[in-house]
Amino acid sequence: MAATMASLAAPSFTVSRSNAGGAPRATLAAAPARKAAFFGSSLTTSKTAATKLQKSVITKAVSVSETVAVADSGLSDRPMSKTVLSIILGGGAGSRLYPLTKQRSKPAVPIGGAYRLIDVPMSNCFNSGICKIYVLTQFNSVSLNRHLARAYRQSSVGSEGFVEVLAATQTPTDKQWFQGTADAVRQYAWLLSDIKNKNVEDVVILSGDHLYRMDYSDFVKTHRSTNADITVSCLPMDDSRASDFGLMKIDNTGRIVAFAEKPSGDDLKAMEVDTTVLGLSAEDAKASPYIASMGIYVFKKKVLLELLNDRFPTCNDFGSEILPGACEDMHLQAHLFDDYWEDIGTIASFFEANLALATNPPRFEFYDANNPIYTSARFLPPARIEKCHLVDAIVSHGSWVADCKVEQAIVGLRSRISEGCTIKRAMIMGADFYETDEERAALIAKGGIPVGIGAGSTISNTIVDKNARIGKNCTITNAKNVQEEKNEEAGYYIRSGIVTILRNATIADGTTI
């Protein structure tokens, strides 16, 4: 398959402390991410993924030519590009991420300075050789649809692949919006029997709001080598977060024998297992005595259709209804993912996951030449940095940062940070457009405020959404440690102690928040 992929984002400028605590260093690349460990029927660590992607860069794009290495893989007559289809769920209303989801869906939320959350599962699919992709959307999907159309055109996936957005709609047979993850897939299940999907054997169900790098070919290999009906990707979990996830018990072959969705109290304690069976040390197993579902599944196509249409036609959710029911008489297999994974479900988790990208070394790295994260091509100039002090920061392309201090921060596309500013523990999402010097001068002459952060301002413990206009000498630090405050009329919102400046908001000169 020869195809033209949407462009990789142009390199951002990353500044980190040296490991010895010395002078900061600028990096454009990092060591390849640690390989994940997986298990199947024998609970042994799998070898390097069977599918290899050969990538070559061409002018203003990335040409992806895929050759499938199938030695000892069991996939020699069942190539991923033809027999595996992916469905990425766009998520619900994203109320826990509000106000970032006020005008966009969760997968469309910017992350890492230059990307959107949807780029992560999309890129994982391409890097794994999966080129048949449906994206199901429902809430605030305009910006997500626009991004997908720009970044992942038909030329990205070749003649046999596709990227199609399926929006929630009402039909003569389905008069309601998506009622849950399973219901969303059910409403479009008829597409799995479409002629272009006749060779599809397995369906990978993914979430559009997780941050991780995963080779799904290993996932599918576990599924096929164990002849499972359903395979669930999982990871060890500690007490503090276990009740937020679907938990499972397994036997000594990795087969799931019990499944409970977000248990608490005695039900939670009943799901404790000896996680040394996953390869954890005794100390780590004591700290993480649960096996949590990542919300990522592989179904045999015929099993998925049977469960949705015949056995559980009124069930709306995979984790709380379909999987526990199927566990009783079907073969559910666990697949261990032993690498970085984060569910970006709340303002606090989103904020900390972004700041962690700028640490040294980061737990997740966008810069991996072997498994790149793709996004929309923008063709912006490099970041312009003048007389600045930068520590543990990512400054994205198209930005202009002048005579200021930036520490533990993400500075997004087209950001403008003026003289004398202090930015610490903050995420500046940037802007969708530039204002010329003439336009900025005219705004100031009229008493207006240009896009960006005005001179002398201090920003900390804050997310600044796109196109925000922050005046001169503002202090936005939540010094009073307010945990929750709704003040959209004034242009900001506080959740979990983190200030969010709303998209397109204007903050007057001298404001203190």
Side-chain angles (χ1 to χ4, degrees), residues 36-39 43 89 91-92 94-97 106 179-182 205-207 209-212 214 228-298 307 312 315-350 352-353 363 483 495-496:
F38 304 89
F39 68 92
L43 290 176
L89 303 175
S95 56
R96 294 186 300 163
L97 266 178
K106 283 194 294 183
Q179 300 300 301
T181 54
I205 308 289
L206 304 171
S207 175
D209 56 358
H210 296 167
L211 182 61
Y212 65 110
M214 183 176 181
D229 295 308
I230 308 168
T231 302
V232 182
S233 188
C234 63
L235 68 167
M237 187 57 60
D238 57 29
D239 279 299
S240 64
R241 300 177 63 191
S243 60
D244 295 332
F245 296 88
L247 302 180
M248 60 191 78
K249 285 188 171 183
I250 59 173
D251 64 17
N252 60 2
T253 68
R255 182 166 180 164
I256 300 170
V257 296
F259 197 99
E261 180 70 5
K262 299 180 180 180
S264 60
D266 293 340
D267 292 336
L268 175 62
K269 290 298 181 183
M271 296 305 293
E272 283 190 359
V273 296
D274 179 10
T275 51
T276 57
V277 72
L278 306 181
L280 274 67
S281 66
E283 182 179 358
D284 290 340
K286 184 178 180 180
S288 301
Y290 301 98
I291 302 176
S293 167
M294 295 167 59
I296 300 173
Y297 319 112
V298 182
L307 291 173
F312 304 105
C315 292
N316 295 326
D317 189 72
F318 283 117
S320 62
E321 298 175 289
I322 301 291
L323 294 184
C327 189
E328 297 177 0
D329 58 356
M330 285 189 167
H331 181 177
L332 273 66
Q333 187 73 24
H335 173 90
L336 178 66
F337 180 72
D338 187 23
D339 210 329
Y340 177 82
W341 176 85
E342 186 65 51
D343 181 2
I344 310 295
T346 65
I347 287 289
S349 63
F350 173 80
E352 294 300 333
R363 295 185 64 191
Q483 291 301 300
R495 300 193 72 167
S496 303

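In terms of modelled atom types and a separation under 3.5 Å, the side chain of Lys249 and the main chain of Ala270 share a donor-acceptor contact. Of the possible donor and acceptor atoms, none in the side chain of Ser293 sits under 3.5 Å from a partner among the backbone N and O of Gly246. For Thr231 (side chain) and Val298 (main-chain N/O), no donor-acceptor pair under 3.5 Å exists by modelled atom type. In terms of modelled atom types and a separation under 3.5 Å, the side chain of Glu352 and the main chain of Ala348 share no donor-acceptor contact. Proximity of a side-chain donor or acceptor of Asp239 to a complementary backbone N or O of Ala242 within less than 3.5 Å is not detected. Without hydrogens or angle criteria, Gln333 side chain to Thr253 main chain gives a donor-acceptor distance under 3.5 Å.
Arg255 CZ to Ile250 CD1: the interatomic distance, rounded to the nearest 0.5 Å, is 12.5 Å. Between atom CG of residue Leu97 and atom CD1 of residue Ile344 there is a gap of 8.0 Å, rounded to the nearest 0.5 Å. Note: Phe259 CZ to Ile230 CD1 = 9.5 Å, rounded to the nearest 0.5 Å. If you take NZ on Lys106 and CZ on Arg96, they are separated by 6.5 Å, rounding to the nearest 0.5 Å. One distance of note links CD of Glu342 with OG of Ser349; it measures 5.5 Å at 0.5 Å rounding. In this structure, CG in Asp274 is found 12.5 Å from NZ in Lys286, a value given to the nearest 0.5 Å.
By the 6.0 Å contact criterion, CG on Asp266 is open, its count of non-hydrogen atoms from other residues, nucleotides or ligands being 12 or less.
Looking at Leu307 and Met330, their side chains come closer than 4.5 Å, going by heavy atoms from C-beta outward. Residues Leu206 and Leu89 are not in side-chain contact: their nearest non-hydrogen atoms beyond the backbone lie 4.5 Å or more apart. At least one side-chain heavy atom of Leu268 sits under 4.5 Å from a side-chain heavy atom of Leu247. Proximity of Pro236 to Leu336: side-chain heavy atoms (C-beta onward) are separated by under 4.5 Å at one or more points. Contact annotation: the side chain of Met214 approaches that of Ser233 to within less than 4.5 Å [non-hydrogen atoms, C-beta and beyond]. The side-chain heavy atoms of Phe337 and Ile296, taken from C-beta on, include no pair separated by under 4.5 Å.
Nearest heavy atoms, Ser288 versus Thr275: O-OG1, 2.8 Å. The heavy-atom pair separating Leu211 from Ala353 by the smallest distance is CD2-CB, 4.4 Å. For Met237 against Ala292, the heavy-atom pair with the smallest separation is CB-CB, 3.8 Å. The two residues Cys327 and Ile256 have their closest heavy-atom pair at SG-O, 3.6 Å. Listed here is the closest heavy atom pair of Asp343 and Asp209: OD1-O, 3.9 Å. Pairing each heavy atom of Ala334 with each of Met248, the nearest pair is CB-SD, 4.3 Å.
Trp341 and His210 have perpendicular rings, their planes meeting at more than 60° on a 0 to 90° scale where under 30° would count as parallel.
By the 4.0 Å N-to-carboxylate-O rule, Glu272 lies close enough to Lys269 to be salt-bridged with it.
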